[in-house]
Amino acid sequence: MEIEKLNTDDEDAAIPVDNNPETSRNAVQQTLMDFFMEVTLLSKFTARFFKQAIIPPYELKEFLKQCYIIGYKSLPLVGITGFIMGVVLTIQSRPTLAQFGAESWLPAMVGISIIREIGPVITALICAGKVGSGIGAELASMKVTEQIDAMEVSGINPFKYIVVTRILATTLMIPILVIISDAIALGGSLMAVNIKSDVSFNLFFGHVFEKLEFMDVIPSVIKTFFFGFAIGLVGCFKGYNSNKGTEGVGESANSSVVFASLLVFIMDMIAVQITSLFS
Amino acid sequence: MEPIIEKYNESTKGAINQEQSLMVETNHLAKSFGSKVVLKDFTMKLYKGENLVILGKSGGGKSVFIKLLVRLLDIDEGTVKVLGKDVSTLSDDELNELRQKVGFLFQSAALYDSMSVRENLEFPLRVMKDLKNEEKDQLVKEALDNVGLADAIDKKPSELSGGMRKRIGLARTLILKPEIILYDEPTTGLDPITSKEISKLILEMQKKYNTTSIIITHDMECAKITSNRIIVLKEGAVGAEGNYTELAKSEDAFVHSFFE
Ligand SMILES: Nc1ncnc2c1ncn2[C@@H]1O[C@H](COP(=O)(O)OP(=O)(O)OP(=O)(O)O)[C@@H](O)[C@H]1O
Ligand SMILES: [Mg+2]
């Protein structure tokens with residue numbers, strides 16, 4: 001319709017202004033339809049994952065390989081960000097606490113913020129960027145170059161071999177990465193505390209763990225499993241369903257990161273609501 | 001078609017009836033993508049021990065056709081029977097079982113990028129649970145020798161040239177000695193000497209293991225060496241059918257253009 005309008009010599013029709021309420025409503029409708037379509041497909045994909053994950057045979061070797069790639073290879077990045085997180089948070093919080101004469105609270109406050117909230121979320125976001133995009137791009141290129149088809153014709157279930165192993169690996173590795181990152185962040189915090197005052201290792205961690213409660217640790221560990229699951233799921237979903245040739249590879253990587261990061265935030269919000277219900 | 005049945009009934013010296021020796025059968029097969037009709041009414045039969053070459057224009061639906069045979073794509077209309085089984089009605093397990101008996105060489109070779117050549121070749125062997133490691137090594141070595149690439153065993157696909165990848169893909173397809181082999185342009189991108197070797201290898205596979213093959217090719221030399229019968233695909237249907245010498249004499253301009 002637009003093109004036809006543009007082609008006419010009629011003066012007032014020559015300017016393509018979209019003030020037709022009908023077309024804009026259609027556009028909204030289309031976007032909504034696309035969204036629900038995507039959600040339906042993702043739900044089906046998730047259901048398929050659970051079904052395939054339960055039925056033997058299990059691809060143990062590939063799972064371990066993915067754990068190595070996803071977990072071990074992300075360590076340096078997660079370590080560095082964890083360290084910086086601890087240092088920055090400590091330096092930033094000190095003046096405020098000093099105003100109230102509560103500097104001795106510094107270790108406990110920083111420890112709780114890191115373990116409860118900042119550690120899991122930042123680490124998950126970093127992994128959504130590194131791991132999620134990696135999985136999305138890898139699977140999309142396997143699809144484009146017919147590697148997934150090739151597995152299928154050799155009578156091996158590619159969903160099980162590729163998707164299930166990767167999702168399980170992220171679900172297991174992200175929590176471990178978060179714990180490591182938390183520990184490094186606390187180490188960074190200890191160093192930052194020691195810039196201005198002299199606090200021993202024992203004293204620092206004594207403070208942190210004295211204030212840390214069961215209800216701080218358990219929910220934040222549980223939610224990291226969900227973060228890991230979401231990152232793996234979205235990466236695999238976007239990559240496995242990529243259908244647009246080489247251009248689709250970049251697109252899958254990109255949308256994996258965006259979608260996974262968004263999911264991490266949404267899940268975090270839900271987790272906070274649930275924990276506050278119980279405490 | 002008659003002579004071929006006779007020939008292979010003779011060569012296997014058994015009382016194989018026609019029903020048994022029918023390996024692939026399609027009836028009024030149709031496939032479209034959106035509004036683009038790729039296959040319209042494709043009916044063919046393939047008998048045991050036969051090498052069938054399919055010729056056709058680029059984009060004519062040859063690759064789509066062999067993908068339909070192993071249900072990598074779903075059929076719109078018509079039926080496909082492979083080894084006596086209607087592929088569109090098979091359960092996942094039955095389909096996997098059938099696929100293990102059918103080798104598929106992809107046009108793009110489709111090597112697994114993350115694996116070495118050795119792992120690529122070992123991958124199809126996973127379905128054979130009780131294979132010992134030495135036996136695996138032996139099979140891998142043999143398959144690589146067949147395509148003349150024994151020293152590429154520890155390389156990654158990214159380190160190989162296009163032609164080498166093609167040959168590794170071929171080795172991977174042949175390693176399980178499938179009953180039916182579907183070759184999608186096995187010699188494209190290879191020099192004339194290697195092309196000829198590959199064509200001979202296809203022929204050797206047929207002789208040695210009595211395999212049945214469909215060979216898609218644009219390489220007339222390959223068609224000449226390997227074919228028992230040729231189908232020319234024209235506008236989504238069988239345009240012409242016969243052996244190499246018969247078709248080479250064809251008056252039809254479209255068919256003739258392949259043999260010029
Ligand atoms: N998955 C797909 N989705 C949409 N269209 C497709 C798909 N696969 C193939 N096609 C279309 O089907 C037609 C036939 O493709 P096919 O790959 O079978 O050609 P071909 O005969 O193998 O050609 P070539 O000799 O170049 O390999 C093409 O027009 C292609 O665009
Ligand atoms: Mg093709």
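Because the structure is a prediction, the values reported are computed rather than measured.
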Please determine whether the number of non-hydrogen atoms from other residues, nucleotides or ligands lying under 6.0 Å from atom [atom1] of [X] exceeds 12.
X        : atom1 : result
A/Phe265 : CZ    : no
A/Asp34  : CG    : yes
A/Tyr72  : OH    : no
B/Glu77  : CD    : no
A/Lys65  : NZ    : yes
B/Lys57  : NZ    : no
A/Phe226 : CZ    : no

| request: Taking the side chain as every heavy atom from C-beta outward, state whether A/Val153 and B/Phe106 have any pair of such atoms under 4.5 Å apart. | output: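 In contact.
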Region of [X] that comes under 4.5 Å of a non-hydrogen atom in chain A:
X        : answer
B/Lys101 : neither
B/Leu111 : backbone
B/Val70  : side chain

| query | Is there any residue in residues 122-152 of chain B with a non-hydrogen atom under 4.5 Å from a non-hydrogen atom of chain A, and which ones are they? | reply |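 Expected list: B/Phe123, B/Pro124, B/Arg126, B/Val127.
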| message | Testing the basics here: between A/Ala150 and B/Tyr112, what is the closest heavy-atom pair and its distance to 0.1 Å? | response |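 Shortest heavy-atom contact: C-OH, 3.5 Å.
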| said: Give me the atom names and distance for the closest heavy-atom approach of A/Glu138 to B/Ser114. | reply: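 Shortest heavy-atom contact: OE2-CB, 4.5 Å.
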| message | Donor-acceptor check, side chain of A/Gln147 to backbone of B/Asp113, threshold 3.5 angstrom: yes or no? | response |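 Indeed, once roles are kept as given, a pair shorter than 3.5 Å links the two residues.
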| message | For the CG atom of B/Leu95 and the CG atom of A/Asn157, what is their distance to the nearest 0.5 Å? | response |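 Atom-to-atom, B/Leu95:CG and A/Asn157:CG are 11.0 Å apart.
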